[in-house]
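These notes concern the structure reproduced below.
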Amino acid sequence: MDDRLAPRPGPGDRVGRPPARARGRDSASARRRRDALRPRAHLAHVDGGRGTTLDGRACRAELDAQLDAVAASRVPGRLRLLLAAESAGALAAAEMHRAGLPWDAGRHDEVLRDQLGPRPVLGARPDRMERLAAEVRDALDAPTLNPDSLPDVLRALRRTGLAVTSTRSWELQQVDHPAIEPLLTYKKLSRLFSANGWAWLDAWVQDGRFRPEYVVGGVVTGRWASSGGGALQIPQQVRTAVRADPGWVFVVADAAQLEPRVLAGLAHDERMADAGRGKDLYQGMVDTGVVDSRAHGKVGMLGAMYGGTTGSSAAVLPRLARAFPASLALVEDAARTGERGDVVTTLLGRTSPRPGASWHETQVLAQSDDADAGAESKARAQTRAWGRFTRNFVVQGTAAEWALCWIAEVRRRLWDLGVVDVPGDRVPAPFTGRPHLVYFLHDELVVHTPAPLADAVAAEVREAAAASGRLLFGDFPVDFPVSVGTDRAYGDAKG
DNA sequence: CAAGAATGCGCC
DNA sequence: AAAGGGCGCATTCTTG
């Protein structure tokens with residue numbers, strides 16, 4: 001793929017603001033977990049966008065290592081399926097990178113001008129942000145306040161007598177003061193400007209395409225990560241700039257309530273599978289009298305899968321435990337396993353990492369005779385945190401496996417739909433005239449297709465979801481409905 | 001001065 | 001008393 005060898009602007013080359021530096025909140029332990037789990041062959045893929053070539057011998061060595069792992073496994077069939085799914089996913093990711101996500105820079109610019117005003121000169125704030133900053137300074141009587149400096153803002157708020165402990169939006173929303181509204185608006189606009197503003201557009205959209213660099217299996221759980229451009233965080237605000245080519249449309253497919261359905265399959269929970277059959281799972285929980293509203297069903301299930309223990313989520317948990325004992329027992333068991341420091345595995349055999357040395361040290365310290373209350377509470381908090389991680393790992397990881405199988409199946413079926421002659425076709429080979437994947441987001445797929453094939457694509461995407469479910473869960477009767485929408489603009493296509 | 005930590009927020 | 005999983009990225013602050 002020649003285009004991947006060409007130098008591409010990186011974040012450091014962007015023009016809107018001074019160069020970015022730090023890598024952010026990615027904790028050392030999180031990175032260690034990822035690096036330990038990431039197959040070596042994928043490192044070559046990561047570097048693929050920066051000009052290195054794949055080393056055939058390294059690939060061969062990786063393949064041998066994987067085949068050895070399969071041979072040594074107690075569940076070779078599952079592991080083999082995992083490897084096949086990962087390979088298909090890697091292929092799809094490379095194809096999506098090549099095809100690119102059709103992006104209308106003009107439309108994006110309209111959104112930015114509408115929200116922020118005209119593009120400012122290098123290093124300056126947009127007009128509207130500057131005016132809001134002035135309002136905030138005025139209201140807080142802080143003429144030199146830098147609204148981008150969190151300590152600065154916090155100090156000014158507290159000097160005014162507001163009892164806030166951070167500058168998080170949800171906390172500020174509780175406060176009644178003239179400075180709050182302009183401050184919140186400022187933060188909103190600032191986020192849009194710095195994360196997906198004109199600088200992002202210059203750096204990441206070329207020739208009407210955004211080409212995300214997916215990192216297949218980059219997350220410990222097996223989810224995909226991305227490197228550069230924030231490919232998996234495109235805000236709703238700018239999705240309207242994602243526009244199909246003339247004569248083409250997007251088919252946007254979203255696997256409805258994927259994680260609870262995967263949990264039902266993992267736990268062989270027939271009652272939960274029943275609740276979701278042919279309809280919205282959370283509504284099904286209302287219809288069968290498990291919960292009194294869809295919202296309660298949703299937060300309750302999220303709480304069960306994430307380990308939530310507060311608010312309405314916790315309040316609903318006992319009812320869920322009574323209605324769906326198999327599912328709840330599975331996630332509880334995964335949590336207990338993690339709390340002991342043991343590993344859990346996904347359906348296809350991906351294993352969770354073990355907690356690091358400092359985790360064990362903290363546990364040992366809390367057991368010792370002279371341990372104080374602080375050490376014990378720290379150890380307890382840490383124990384529960386690792387339990388929440390393993391609790392979620394089994395569900396998130398198996399959902400990622402379902403999604404990989406879905407992608408693989410969709411990819412194959414799209415190719416079989418054949419070619420349509422579209423006047424002025426701009427889609428690069430080998431996808432010219434063919435429906436092809438252009439975007440993937442955990443439980444959502446976007447297909448760019450010649451308009452006449454949209455209905456056929458929608459049907460294939462649904463059938464592929466069913467096929468993925470059968471591949472993973474066999475005859476167990478859990479279904480995977482897909483909500484599908486078709487539109488020229490991604491932002492308007494939600495089914 | 002550069003590198004890392006901390007903060008906050010976008011996505012699922 | 002408080003207790004929600006996984007990410008990437010920009011910015012400012014801190015540290016060596």
Side-chain angles (χ1 to χ4, degrees), chain A residues 10-12 14 16-28 30-31 33-34 37 146-154 165-172 184 187-197 199-200 203-204 212-215 217-239 254-255 257-259 299-314 317 331 334-335 338 352-353 373 377-378 380-397 399-400 403 439-444:
Chain A
R14 58 189 52 187
R17 302 218 114 186
R21 275 186 306 271
R23 290 252 315 126
R25 79 179 320 207
D26 202 14
S27 71
R31 185 170 315 161
R33 287 205 303 267
R34 268 207 306 287
L37 270 285
N146 172 10
D148 293 324
S149 166
L150 307 178
D152 223 17
V153 171
L154 195 57
T165 61
S166 78
T167 64
R168 291 187 200 99
S169 291
W170 65 262
E171 187 175 351
L172 296 183
L184 288 173
K187 285 158 71 78
K188 197 94 185 157
L189 295 184
S190 168
R191 169 79 195 181
L192 174 65
F193 175 62
S194 62
N196 293 96
W200 181 91
W204 293 102
E213 195 76 49
Y214 293 108
V215 185
V219 178
V220 272
T221 59
R223 269 190 177 184
W224 291 14
S226 69
S227 143
L232 304 182
Q233 303 148 252
I234 302 171
Q236 296 292 339
Q237 271 177 308
V238 304
R239 290 192 186 185
D254 185 300
Q257 305 97 39
L258 176 59
E259 292 195 340
V299 298
M301 279 312 300
L302 290 180
M305 294 183 298
Y306 292 165
T309 53
T310 55
S312 51
S313 170
L317 273 180
V331 289
S352 67
S377 105
K378 183 184 172 192
R380 263 199 308 278
Q382 188 190 258
T383 297
R384 283 194 300 266
W386 201 263
R388 287 192 299 275
F389 169 60
T390 52
R391 170 195 295 268
N392 186 251
F393 184 94
V394 292
V395 178
Q396 185 183 126
Y439 193 57
F440 169 61
L441 193 55
H442 308 309
D443 59 359
E444 181 175 331

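Convention: sequence-line order gives letters A, B, ...; per-chain numbering from 1. Remember, it's a predicted structure, so these values are computed and weren't measured experimentally.
Using a 4.0 Å heavy-atom distance criterion, A:L192 is classed as making no nucleic acid contact. At a threshold of 4.0 angstrom between heavy atoms, the contacts of A:G307 are confined to the sugar-phosphate backbone, with no base atom among them. Using a 4.0 Å heavy-atom cutoff across all strands shown, A:R191 reaches at least one base atom of the nucleic acid. Here A:T310 lies in heavy-atom contact (under 4.0 Å) with a base. A:E259 comes within contact range of no nucleotide atom at all, as no heavy-atom separation falls under 4.0 Å.
Distance, A:F389 CZ to C:dG6 C1': 9 Å, rounded to whole Å. Atom P of nucleotide C:dG6 and atom CZ of A:R388 are separated by 9 Å, given to the nearest angstrom. In this structure, the CD atom of A:E213 is 13 Å from the P atom of C:dG8, given to the nearest Å. When rounded to the nearest whole Å, the span between CG of A:L441 and P of C:dG8 equals 13 Å. Per the geometry, CG belonging to A:N146 stands 6 Å off P belonging to C:dT12, to the nearest Å. Taking atom CD of A:Q233 as the reference point, atom C1' of C:dG6 lies 12 Å away to the nearest angstrom. Between the CG atom of A:D254 and the P atom of B:dC11 there is a distance of 14 Å, given to the nearest Å. One can place CG of A:N196 at 16 Å from P of B:dC9, the figure rounded to the nearest angstrom.
Under the salt bridge (Lys or Arg N to Asp or Glu O under 4.0 Å) criterion, the residue pairs touching residues 385-396 of chain A are A:E332-A:R391, with sequence neighbours excluded.
In this structure, the side-chain hydrogen bond (donor to acceptor under 3.5 Å, both in side chains) partners of A:N392, at least two apart in sequence or on a different chain, are A:Q396.
When each of A:R380 and A:H442 is assigned the nucleotide of DNA chain C with its nearest heavy atom, A:R380 is the one assigned upstream, toward the 5' end. The residue among A:S149 and A:Y306 whose nearest nucleotide of DNA chain C is located toward the 5' end is A:Y306.
Under 3.5 Å, the side chain of A:R223 and the base of C:dC7 form no donor-acceptor pair of N or O atoms.
Distance noted for atom P between B:dC9 and C:dA1: 28 Å (whole Å).
Contact between the side-chain N/O atoms of A:T309 and the OP1/OP2 oxygens of C:dG4 is found at a separation under 4.0 Å. OP1 or OP2 of B:dC9 sits under 4.0 Å from a side-chain N or O of A:K187. One finds a side-chain N or O of A:Q236 lying less than 4.0 angstrom from the OP1 or OP2 phosphate oxygen of B:dC12. For A:S169 and B:dC9, the shortest distance from a side-chain N or O to OP1 or OP2 is below 4.0 Å.
Checked against C:dG6, C:dC7, B:dG8, the side chain of A:L150 finds its nearest nucleotide in B:dG8. Of the candidates B:dC9, B:dC11, C:dG6, the closest approach to any side-chain atom of A:R168 belongs to B:dC9. Looking at the side chain of A:S194, the nearest of the listed nucleotides C:dA10, C:dG6, C:dA3 is C:dA10. Distance from the side chain of A:V220 is smallest for C:dG6 among the nucleotides B:dT7, C:dG8, C:dG6.
Nearest heavy atom pair, residue A:T167 against residue A:V153, reads CG2-CG1, 3.9 Å.
The aromatic rings of A:Y214 and A:Y439 sit tilted, their planes meeting at an angle between 30° and 60°.
The pair A:R223-A:E259 meets the salt-bridge criterion, with a side-chain N (NZ, NE, NH1 or NH2) lying under 4.0 Å from an Asp/Glu carboxylate O.
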Side chain to side chain contact (heavy atoms under 4.5 Å, CB included) for A:S313 and A:L302? Distances and angles first, verdict last.
CA-CA 8 Å; A:S313 170; A:L302 290 180; over 6 Å; no
